[in-house]
2 protein chains.
Amino acid sequence: MSIDGQLPPKARLLRAAAELLANSGGSAVSTRQITQLAGVTAPTLYHHFGDKEGLFDAVVAAGFDEYVAGERDFAPSGQPLEDIRRMWDNHVQFGLKQPELYLVMFGNIRPESRPAIVADAEALMEEMLNKAAVSGQLNVPPKEAARSILAANVGVTLMLIAEKVPERNLELSAMTRDAMIFAVSTEQARDNGSVDSGKSSVVVAAIALNAALQASHSDQLSSSELKLFLEWLHRISNSSTS
Amino acid sequence: MSIDGQLPPKARLLRAAAELLANSGGSAVSTRQITQLAGVTAPTLYHHFGDKEGLFDAVVAAGFDEYVAGERDFAPSGQPLEDIRRMWDNHVQFGLKQPELYLVMFGNIRPESRPAIVADAEALMEEMLNKAAVSGQLNVPPKEAARSILAANVGVTLMLIAEKVPERNLELSAMTRDAMIFAVSTEQARDNGSVDSGKSSVVVAAIALNAALQASHSDQLSSSELKLFLEWLHRISNSSTS
DNA sequence: CTAGCACCTATAGCAACGCTATATGAACTG
DNA sequence: CAGTTCATATAGCGTTGCTATAGGTGCTAG
């Protein structure tokens, strides 16, 4: 069993590494396995990729393209925060579908050395969050929101990967996802555009306070209090529609 | 430099492994380094711990005791959710103080094989969340809340560890923490938050809403909610004086 | 006191690992 | 056709985790 196909050795190495990584079942993958499956010898690997990690980086880059493609396939961007939710789910699905690859990408943490891939994923999410921000749907800077959401997203995915398949409960993901998105979003983001007229003075005042709070970043309340406060405001603001 | 102290070889191995792990700076720690520092030879290690991972598990067990001790030192506060918050912060601090040990404990993810240590940490958090649940402060089962919070906690800690020290921003942790706690808690859970200053337009709107609310009989909020809501409104309204 | 026994540790070494110094072939360029 | 560059192979270095085997140590029994 070898990868022949008359591809150039570089591509064969990439394919062999990806295949072994995907089927390794958690155990380590050696350069000898890879080169044997690719039908080349060791120096070829090091000529093209520098070292083992370079090869894995290249595999990860291809995997990341797939990841990004998945992330971008969504995003017809009616609702940026809805797109963020789909990005989250796509992230989790990617991790569960290719756990080995995912672990190389996001699970290979070393102190003081941040994998470039994480920064890329962060930038991707920040880009999307920027759209939400310009629509006034974010109450924290997009960069920090992206870092926070991605951290939780990775944490949840790692935990799901570590669990045995039959015990995996995607509710964990959904719950954490909604919590994070809710935390960074303003209240109007949870609104699907129900526009109403003939509001009472309470509603008007609530909307005014709402806007003022969002414009001025009141720090009179803690951020978590503010979330709850705004949720109530939202309830009051929508009271005329119910 | 070797660990002598006339301790039995088993303890010397544990100490040597812990020390090398703590100072390895991210690079791998070999059994030869450990045995040399402990002043023993290889078979001694394998006699006592089975294999390298067994040794690390033992080190982790000791580290986990320290972790648990830190988690239990807090918790007299009467407010379970406040204790959860401290558990979160303690978790992050532990990870940042001993990143190598933390990575062995929480960063060594393999598919289908869940480290027992994660389950223990989860149980610890679930136990605390149970107290919140009996007080009616949880709106999700404690088990799922614990898993969700812990997943986010680990994700945040790993991300902070991966960052260079000067760039570490603990706001990421605080924000994610509050988001998760808020997500699992009922509204009555929070009352003691940090009090800050406010902005004038907010104050105006708050006063308006306050007056409007008292003039009308809104049934959008329960009486207890309304009470807290008005209290916060009052706080915002008075912020100009501070 | 000695014999036996269980426990613990050391000597020496295996197979596998990541990686490389060196050399050879192929392909393009002048 | 000579020269240069790129790509691959031969062979092997140093290190890794781990172990088959044997020897030393301290105990209890006769």
Side-chain angles (χ1 to χ4, degrees), chain A residues 1-61 100-101 103-104 107-110 113 115, chain B residues 1-21 23-60 100-101 103-104 107-110 113 115:
Chain A
M1 187 179 86
S2 70
I3 293 184
D4 275 10
Q6 306 305 18
L7 287 95
K10 187 171 180 177
R12 274 184 290 167
L13 279 168
L14 274 174
R15 191 168 297 191
E19 178 175 329
L20 287 175
L21 221 42
N23 304 339
S24 65
S27 57
V29 177
S30 72
T31 60
R32 283 175 171 80
Q33 291 174 14
I34 297 172
T35 54
Q36 181 188 343
L37 180 58
V40 298
T41 51
T44 305
L45 190 162
Y46 294 93
H47 173 71
H48 287 291
F49 300 100
D51 60 357
K52 183 185 185 180
E53 194 167 352
L55 208 193
F56 283 0
D57 283 350
V59 174
V60 159
E100 322 295 337
L101 188 54
L103 287 179
V104 173
N108 221 7
I109 288 92
R110 278 178 300 274
S113 100
Chain B
M1 187 178 87
S2 70
I3 294 184
D4 274 10
Q6 306 305 20
L7 288 96
K10 188 172 180 176
R12 274 184 291 166
L13 278 169
L14 274 174
R15 191 167 298 191
E19 178 175 329
L20 287 175
L21 222 41
N23 305 338
S24 65
S27 56
V29 178
S30 71
T31 59
R32 281 175 170 81
Q33 291 173 11
I34 296 172
T35 54
Q36 180 188 343
L37 179 58
V40 299
T41 52
T44 306
L45 190 162
Y46 294 94
H47 172 70
H48 286 291
F49 300 100
D51 60 357
K52 184 185 184 180
E53 194 167 352
L55 209 193
F56 283 179
D57 283 350
V59 173
V60 158
E100 322 294 339
L101 188 55
L103 286 180
V104 173
N108 220 7
I109 288 93
R110 276 178 301 273
S113 99

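Reminder, nothing fancy here: chain letters follow the sequence lines and each chain counts from 1.
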Working to the nearest 0.5 Å, report the span between CG of A:L21 and CG of A:L103. 9.0 Å

What is the distance from atom NE2 of B:H47 to atom CG of B:L13, rounded to the nearest 0.5 Å? 11.0 Å

Nearest 0.5 Å, what's the NZ-OG1 distance between B:K10 and B:T44? 12.5 Å

Range on DNA chain C touched by chain B, heavy atoms, distance below 4.0 Å: C:dC8 to C:dG13

Atom-to-atom span, CZ of B:R32 to C1' of D:dC18 - whole angstrom: 9 Å

The criterion is side chain to side chain contact (heavy atoms under 4.5 Å, CB included); which residues satisfy it with A:A58, sequence neighbours excluded? A:L14, A:F49

Return no unless some side-chain N or O of B:S30 is found under 4.0 Å from OP1 or OP2 of D:dT15. no

The residue, A:H48 or B:A42, whose nearest nucleotide of DNA chain D is more 5′ is A:H48

May I have the distance from A:F49 (atom CZ) to D:dA7 (atom C1'), rounded to whole angstrom? 13 Å

What is the distance from CG of A:D51 to C1' of D:dT15, rounded to the nearest Å? 16 Å

Euclidean distance, A:I34 CD1 relative to A:E19 CD, rounded to 0.5 Å: 11.0 Å

N or O in side chain of B:Y46 less than 4.0 angstrom from D:dC18 OP1/OP2: yes

Using 0.5 Å steps for rounding, measure from the CG atom of B:D51 to the CG atom of B:D57. 8.0 Å

Taking only side-chain nitrogens and oxygens of A:H47, does any of them come within less than 4.0 Å of OP1 or OP2 of D:dA9? no

Examine D:dA7: is either OP1 or OP2 under 4.0 Å from a nitrogen or oxygen in the side chain of A:T44? Give yes or no. no

